[in-house]
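Side chains are part of it too, since the values below use all heavy atoms of this structure and drop only hydrogens, waters and symmetry mates. So that the names make sense, note that chain A is the first sequence line, chain B the second, and so on, each numbered from 1.
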Amino acid sequence: MFSLLFYALYHAAKIQIINADNIGTVMLEIKYVRKNLSLVEEALKNRGGHVDLSAFMDIEKGRREILQTLETLQNRRNVVSADIARMKKEGVNAEDLVLEMRDVSARVKELEKQEAEADEAMSRILYTIPNIPHASVPVGKDENDNPELRRVGEPPVFGFEPKAHWDLGEDLRILDLERATKITGARFPLYLGMGARLERALINFMLDTHTEQHGYKEIIPPYIVNRNTMTCTGQLPKFEEDLFKLEGLDYFLIPTAEVPVTNIHQKEILAEDDLPVKFVACTPCFRSEAGSYGKDTRGLIRQHQFNKVELVKLAHPDTSYDELEKLTADAETILKKLGLAYRVITLCTGDMGFSAAKTYDIEVWMPGQGKYREISSCSNFEDFQARRAGIRFRRKGQKGSELVHTLNGSGLAVGRCFAAILENYQQADGSVLVPDALVPYMGGAQRISL
RNA sequence: GGAGGAGUGGCCGAGUGGCUUAAGGCGGCGGUCUUGAAAACCGUUGAGUGUCAAAGCUCCGUGGGUUCAAAUCCUACCUCCUCCGCCA
């Protein structure tokens, strides 16, 4: 719990400390932060939010003072209690000491209460402060400031006006989003026949590729998690309105497999040799999409429920950015094998998610819309989630433990991939060709037609 | 849903109020011996915080409580096990 108070400050300091080629202790860094508060606030401001750390630092200072007094009294209590035990054994009257201790204990209790209050006050602030962007992340305001890193593949050329996937899907009777509204409401998927088969084929193709060729271990996690788990990965406490919560329980539907899978090793210390831990999981994802009314109202792009294959890594801090490149490449492999054109962009400081230190988005070409749309988001969270979740490792031959770095990325969002295949592989007659890589997963079918 | 039982260090396990700074064992690490290994023997071995280093403080499922003093007593909750009932 105590370590939590360092997380923002530790990160902020690291930007400087990495440049100084000097990895110090957490304490050294918080001292550094005290002297460089404005630098920390600057880093956070680049994300678009204003964070006043001075209030936090005041509480932290008060807490240290409380702690000092508290520990002195605790020590007194421990020492004298041992004395009393000895005296009683020897039949000596210890009444004076007992009386003194009655008072000391009362003060200890009071100070413990104060310390707990200070802790809570600090946590309230800390848990709402986003991660500090990595030094290599471009400073920018919104998605318009995201630099493009590379383009791969050629968008297909059509001799006709390409249709949107929702029209293709409805016409081919493999998608029925209208009936889905009857069953539940807006923004829920209903796949039929070869559509359901294609979704399943994509899932199996992705899972097979990542497990057999990229070395990830397959996971089927719970789809419902508790509040603590949701807090560890950063969805809570700040973004509760984006989640579906179970009535009468403090449980939530997962918005991504990242949440349960990252938490598999919550509160554990791993061996250095075990790193990187690589997991892949396909789960349904549930998002309330609060505040996105009117956006992507048609089709599979923005749904309350969708399938996603997620890659998760617990990595060694020394190599986590190499792991981010590899993880991104693993996700790209799927698009390459499916023959889909895409580009990779680096999210700028203003467009990154709450927990991320650095994020690459992979965007697939959607002919129906004539633009690239996000199909994967690959991030390094450094030790932000690990600190909240208590995921540590021990360097060989060294005492103590250190936080791992966590990473994840979609590999890929299945529903959006489904949409991309319909739009990219559509034919003049309204049928859709099955990409070669998927044919074995489609029972040999090479085309979806009426 | 009903009735019982149990949660202690990486693992097993002792401990029912005061030198417990958690016995002992297994595993791990280091050493002796050996050409090497095994066996045997000797030593060592939880985490967090704190410090130049230390001392100190906290942690025996979790939260409250009793007491000068709690792994140990009380209480609520969580998890697991056994039996009964129900169920895919």
Side-chain angles (χ1 to χ4, degrees), chain A residues 1-7 9-10 22-34 59-120 122-123 126 220 222-232 246 248-252 260 263-275 277 383 386-404:
Chain A
M1 194 58 185
F2 184 60
S3 67
L4 291 168
L5 75 135
F6 294 120
Y7 83 82
L9 314 133
Y10 174 50
N22 169 19
I23 309 293
T25 65
V26 170
M27 196 56 217
L28 185 107
E29 284 157 2
I30 197 165
K31 274 181 188 162
Y32 181 94
V33 170
R34 271 194 208 110
I59 300 169
E60 202 272 334
K61 185 160 172 272
R63 180 186 179 279
R64 268 183 298 132
E65 280 162 10
I66 292 165
L67 206 57
Q68 216 167 356
T69 317
L70 173 62
E71 289 192 2
T72 306
L73 287 170
Q74 282 174 327
N75 178 241
R76 175 82 184 142
R77 185 186 62 185
N78 291 345
V79 169
V80 175
S81 287
D83 288 343
I84 293 172
R86 208 174 299 117
M87 289 163 78
K88 288 223 168 188
K89 205 175 210 171
E90 293 164 4
V92 180
N93 188 318
E95 201 49 41
D96 289 353
L97 288 178
V98 167
L99 282 175
E100 186 203 336
M101 285 306 100
R102 192 167 296 170
D103 179 52
V104 168
S105 276
R107 289 178 64 200
V108 164
K109 193 169 282 185
E110 173 57 26
L111 285 168
E112 277 174 343
K113 203 176 129 203
Q114 286 178 23
E115 193 224 333
E117 281 165 7
D119 267 345
E120 210 199 304
M122 283 192 296
S123 291
L126 282 171
I220 299 179
Y223 303 154
I224 296 173
V225 300
N226 61 32
R227 180 173 291 274
N228 176 250
T229 291
M230 209 59 105
T231 304
C232 286
L246 268 62
L249 290 169
D250 218 13
Y251 288 170
F252 301 84
N263 277 287
I264 287 174
H265 291 296
Q266 187 188 109
K267 297 184 191 106
E268 289 182 28
I269 299 177
L270 306 169
E272 188 172 26
D273 285 343
D274 291 340
L275 303 179
V277 174
D383 59 15
R387 174 166 292 105
R388 291 173 163 225
I391 311 169
R392 320 182 69 89
F393 78 102
R394 201 186 316 280
R395 285 185 197 263
K396 261 193 280 191
Q398 284 195 26
K399 258 185 93 78
S401 62
E402 221 176 294
L403 295 165
V404 302

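- Shortest non-hydrogen contact noted between A:Val108 and A:Leu73 is CG2-CB, 3.7 Å.
- A distance of about 22 Å separates the P atoms of B:C74 and B:U21, rounded to the whole Å.
- Here B:C59 presents its P atom at 11 Å from CD of A:Glu115, a figure rounded to the nearest Å.
- The shortest non-hydrogen separation linking A:Met230 to A:Phe252 is CE-CB, 3.3 Å.
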List, with names and distances, any nitrogen or oxygen atoms from the protein found under 3.5 Å away from nitrogen or oxygen atoms belonging to nucleotides 44-47 of chain B.
residue: B:A47; atom: OP1; partner: A:Arg394; partner atom: NH1; Å: 2.9

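- On the P atoms, B:G64 is 29 Å away from B:G13, given to the nearest whole Å.
- No engagement by A:Asp103 is indicated, since no non-hydrogen atom pair under 4.0 Å with the nucleic acid exists.
- The heavy-atom pair separating A:Asn93 from A:Met87 by the smallest distance is O-CE, 3.4 Å.
- Separating the CG atom of A:Asp119 from the C1' atom of B:C57 is a distance of 14 Å, rounded to the nearest angstrom.
- Remark: B:A88 base-pairs with no nucleotide; criterion is Watson-Crick or G-U wobble with both hydrogen-bond distances under 3.5 Å.
- What separates OH of A:Tyr251 from P of B:C78 is a distance of 9 Å, to the nearest Å.
- Rounded to the nearest Å, the gap between the C1' atom of B:U79 and that of B:G85 is 22 Å.
- The pair A:Arg63-A:Glu115 meets the salt-bridge criterion, since a charged nitrogen lies less than 4.0 angstrom from a carboxylate oxygen.
- Rounded to an integer number of Å, the gap from A:Asn228 CG to B:G61 P is 19 Å.
- Under the 3.5 Å distance criterion, with hydrogens and angles disregarded, a donor-acceptor pair is assigned to the side chains of A:Thr229 and A:Asn226.
- The minimum heavy-atom distance linking A:Arg77 with A:Ser105 is given by the pair CD-OG, 3.6 Å.
- Under the Watson-Crick and G-U wobble criteria, each requiring two contacts below 3.5 Å, nucleotide B:A53 is left unpaired.
- Distance check on atom P: B:G7 versus B:C11 gives 15 Å, rounded to whole Å.
- The residue among A:Arg76 and A:Glu402 whose nearest nucleotide of RNA chain B is located toward the 5' end is A:Glu402.
- When side chains are defined from C-beta on, A:Val98 does not count as touching A:Glu100, because their heavy atoms never get closer than 4.5 Å.
- By the 4.5 Å heavy-atom criterion applied to side chains, A:Gln74 and A:Glu71 are counted as neighbours.
- Put simply, A:Asn75 has no side-chain N or O that comes within less than 4.0 Å of OP1 or OP2 on B:G56.
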How would nucleotides 65-71 of chain B be written as a contact map, 5' to 3', with B for base contact, S for sugar-phosphate-only contact and - for no contact, using protein heavy atoms under 4.0 Å?
-> -S-BS--
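- Atom P of nucleotide B:U20 and atom CZ of A:Arg86 are separated by 12 Å, given to the nearest angstrom.
- With a cut-off of 3.5 Å on both Watson-Crick or G-U wobble distances, the partner of B:A6 is given as B:U79.
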Given salt bridge (charged side-chain N to carboxylate O under 4.0 Å, His left out), test A:Glu402 with A:Arg392 step by step and report yes or no.
-> CA-CA 5 Å; A:Glu402 221 176 294; A:Arg392 320 182 69 89; over 6 Å; no
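- Pairing of B:G46, defined by two Watson-Crick or G-U wobble distances under 3.5 Å, is identified with B:C59.
- Across B:U66 and B:U72, the matching C1' atoms stand 13 Å from one another, rounded to whole Å.
- With a cut-off of 3.5 Å on both pairing distances, B:U34 has no Watson-Crick or G-U wobble partner at all.
- Rounded to whole Å, the distance from CG on A:Leu111 to P on B:C57 is 15 Å.
- To the nearest whole angstrom, the two C1' atoms, one in B:C59 and one in B:U8, are 12 Å apart.
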Would you please test A:Arg86 and A:Glu90 for salt bridge (charged side-chain N to carboxylate O under 4.0 Å, His left out) and show each step?
-> CA-CA 6 Å; A:Arg86 208 174 299 117; A:Glu90 293 164 4; 5.8 Å; no
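- Rounded to an integer number of Å, the gap from CG of A:Asp274 to P of B:G10 is 15 Å.
- Under the Watson-Crick or G-U wobble criterion, with both distances below 3.5 Å, B:U66 is left unpaired in every strand shown.
- Spacing of C1' atoms, B:A37 relative to B:C33, comes out at 12 Å, to the nearest Å.
- Comparing the same atom, C1', in B:G5 and in B:G10 gives a spacing of 26 Å after rounding to whole Å.
- The phosphate of B:C78 has neither OP1 nor OP2 within less than 4.0 Å of any side-chain N or O from A:Asn226.
- Here the shortest heavy-atom pairing between A:Val225 and A:Pro260 reads CG1-CB, 4.1 Å.
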